[in-house]
Amino acid sequence: MEMNAGADLKTKERKNNKVLIVVGLIIGIIFSELDETVVSTAMPSIIRDLHGLSLYGWVAGIYMLTMTAFMPILGKLADLYGRKRIYMLSMGLFIAGSMLSGFAHSMTTLLIGRGIQGMGAGGLVPLAMVIFGDTFTVEQRAKTQGLFGAVMFIPQLLGPLIGGYFTQHISWHWIFWVNIPVGLLAAAVLSAGLSESKGNKDARIDWAGAFLLVAAIIAFLVTPVLHETEGYGWSSPVLIGLWALGAMLLAIFVMVERKAKEPILPMHLFRNRTFTMLSLIVFTLVIGIMGPFILFPFFAQNVLGLTPIASGYMTLPLMAGAAIASVISGRLITKISYRLIFIVSMMLPAIGFYLMTGVDAATSVIVICGYFAILGLGFGVLFNNNLIVQETVEKENSGVALTSITLFQSFGLTIGVSVFGSLLAGSIHSGMEDLEAGIPAGSVAELGDVAQGGIPAGLDAAIVTQVKDVFSDAFQHLYWIAFLFALLVVFLCFFLKREVLSTASAEEENASSLEG
């Protein structure tokens, strides 16, 4: 029996070309992660062309929503039908969504394309890690794991350059079309190197949970869009009905998850105080930070007058600050109570957003980069959530607990970019109405479609200055709201336990992870 197993292993190794597998996976990871930074850089131009300011946040939000919802579904499908087959399906969905987004001439088409892209992205990165783990031994994974960590920084460096170049010199449509040849290359290389794995017919998919959760979030998120685009009042029966529908769907979701054999979000985890508080902290902080952060290129390009490339690279100080904070907090977490570390760390985003409430057209780029660095130093501690969860949750539940916190992070991002995008559009529309009321009637026509997504060329200099003031006021309003979210996060941190992670336990976790 052992000889047969050994022969099967050797046959599998002969079929799998590990070099091609690694190359294909790396191209696929860069390909999917790069899309987010590229699109963020090009968004002001896209919004200006498609006249969709009120849906600004939805371009990123619908991508994150479908990606998060399809992660567990595609993972289970991979268990059922094999990794390679579902990875290729994911790549096909991403390429199809890219094609549709590239041909978009309306916000509706673009959002449909982005939703399809998100479905594909939900399988690309998670399945890449699974395929990598299936293909290599523990020793080989330990030696090459750092390669994948380094790869994740490439999209942050190349995204603004690629997105800015296509937007400035060719067309924003090409930021989506360029995905097609790259995706086909990644699929071809991986397909040539990887032999199909057998499926596990015992795997179960929580279709009902996935549908109910996505439907509930859409019901909540569509209300600010309808308020902005269709003029519904907050007390209108339509919006109240959507809120009631969302609440009802969430209640049904909880009941379904309690009975599901393999739930998307296991309800028993919420009996653990640390898991519950970390989930709330991550969810709340991501809403408050990522919404204004992803919208910033609009401010940088329209108010500060930066090019798309320069506006994209202004986000690097935030990433650098987060990386530094992650290392420092990681060293302190076995010496100091993680509650204290979180309280001190979460004060920094509050300080950063308070400072950002004064940002306007006269603020220097260096000062804003400094504010971003402060924000990054604050939320970098979240990168150590894995250590805390592994230490405080039962060992058999650590994997699903980590996945569930990632779920809260993704949905927080979806809600943040969608709601803050709608708030930005509402503030700009209101400001433009006040501006039009205060200038000569003959000048109103010059404003064109400013409220729909940008400052058109040829406007009178005095009017441009006033329009920039309107945009600045709108972003200052967002930063005040983000400041309140940051204060709420600080308050939530006080409910964490006063525990210090045991060095011995941490070493045991590391040892067990290496053995596994």
Enquirer: What heavy-atom pair brings P317 and C369 nearest, and what distance separates the two atoms?
Expert: CB-O, 3.5 Å
Enquirer: Rounded to the nearest 0.5 Å, how far does CZ of F299 lie from OH of Y479?
Expert: 6.5 Å
Enquirer: Would you call the rings of F270 and F275 parallel, tilted or perpendicular, taking 30° and 60° as the class edges?
Expert: perpendicular
Enquirer: Is any side-chain heavy atom of I368 closer than 4.5 Å to a side-chain heavy atom of L304?
Expert: yes
Enquirer: R114 versus V39: any side-chain heavy-atom pair under 4.5 Å?
Expert: yes
Enquirer: I428 vs F298, test: side chain to side chain contact (heavy atoms under 4.5 Å, CB included). Steps then yes/no.
Expert: CA-CA 12 Å; I428 289 178; F298 182 92; 3.8 Å; yes
Enquirer: Carefully, step by step, assess I46 and V59 under the rule side chain to side chain contact (heavy atoms under 4.5 Å, CB included).
Expert: CA-CA 10 Å; I46 296 173; V59 177; 5.7 Å; no
Enquirer: With heavy-atom distances below 4.5 Å as the criterion, would you say the side chains of I415 and F283 are in contact?
Expert: yes
Enquirer: Counting only heavy atoms not in M88 (residues, nucleotides, ligands), do more than 12 fall under 6.0 Å from its CE?
Expert: yes
Enquirer: Taking S427 for the side chain and A474 for the main chain, is one N or O donor matched with an acceptor at less than 3.5 Å?
Expert: no
Enquirer: Measure centre to centre between the rings of F475 and F296, then say whether the value is under 6.0 Å.
Expert: no
Enquirer: Take F379 and L285 through the side chain to side chain contact (heavy atoms under 4.5 Å, CB included) test and state the conclusion after the steps.
Expert: CA-CA 8 Å; F379 82 79; L285 184 67; 3.7 Å; yes
Enquirer: Could you check whether D360 and S472, counting side-chain N and O atoms only, form a donor-acceptor pair closer than 3.5 Å?
Expert: no
Enquirer: Has the side chain of S101 got a donor or acceptor atom that lies under 3.5 Å from a matching backbone atom of G97?
Expert: yes
Enquirer: Using side-chain heavy atoms (C-beta onward) and a distance below 4.5 Å, is V286 in contact with F408?
Expert: no
Enquirer: Can you tell me if T307 and Q301 form a side-chain donor-acceptor pair at under 3.5 Å?
Expert: no
Enquirer: Check whether any side-chain heavy atom of F471 lies under 4.5 Å from a side-chain heavy atom of L424, and answer yes or no.
Expert: no
Enquirer: Answer yes or no: is there a side-chain heavy-atom contact under 4.5 Å between D49 and W172?
Expert: yes
Enquirer: Measure the shortest side-chain to side-chain distance between F176 and F103 over non-hydrogen atoms and say whether it is less than 4.5 angstrom.
Expert: no
Enquirer: Find out whether I95 and N179 are in side-chain contact, i.e. whether some heavy atom of one side chain is under 4.5 Å from a heavy atom of the other.
Expert: no
Enquirer: Mind listing the closest non-hydrogen atom pair of L111 and I62 along with its distance?
Expert: O-CG2, 3.8 Å
Enquirer: Under the side chain to side chain contact (heavy atoms under 4.5 Å, CB included) criterion, do L250 and L213 qualify, and how do the steps go?
Expert: CA-CA 7 Å; L250 276 182; L213 187 56; 4.2 Å; yes
Enquirer: Pair up each side-chain donor or acceptor in residues 343-353 with any protein partner under 3.5 Å, not counting sequence neighbours, and list the distances.
Expert:
unit_1: S345; atom_1: OG; unit_2: I341; atom_2: O; d: 2.8

Enquirer: Got a sec, which residues hit ring-ring contact (aromatic ring centres under 6.0 Å, His included) with H173, two or more places apart in sequence or on another chain?
Expert: H105, W177
Enquirer: Assess the side chains of T109 and S106: does a donor N or O sit below 3.5 Å from an acceptor N or O?
Expert: yes
Enquirer: Please enumerate all residues that pass side chain to side chain donor-acceptor pair (under 3.5 Å) together with S236, with sequence neighbours excluded.
Expert: none
Enquirer: Would you say Q476's side chain and V359's backbone share a donor-acceptor pair under 3.5 angstrom?
Expert: yes
Enquirer: Quick one: closest heavy-atom pair of G412 and I287, and the distance?
Expert: O-CG1, 3.3 Å
Enquirer: Compare every heavy atom of G118 with every heavy atom of T66, then report the nearest pair and how far apart it is.
Expert: OG1-CA, 3.2 Å
Enquirer: Looking at every non-hydrogen atom in both residues, tell me the closest pair between L496 and R339 and how far apart they are.
Expert: O-CD, 2.9 Å
Enquirer: Which atom names give the shortest non-hydrogen contact between G209 and E257, and what distance separates them?
Expert: CA-OE2, 3.4 Å
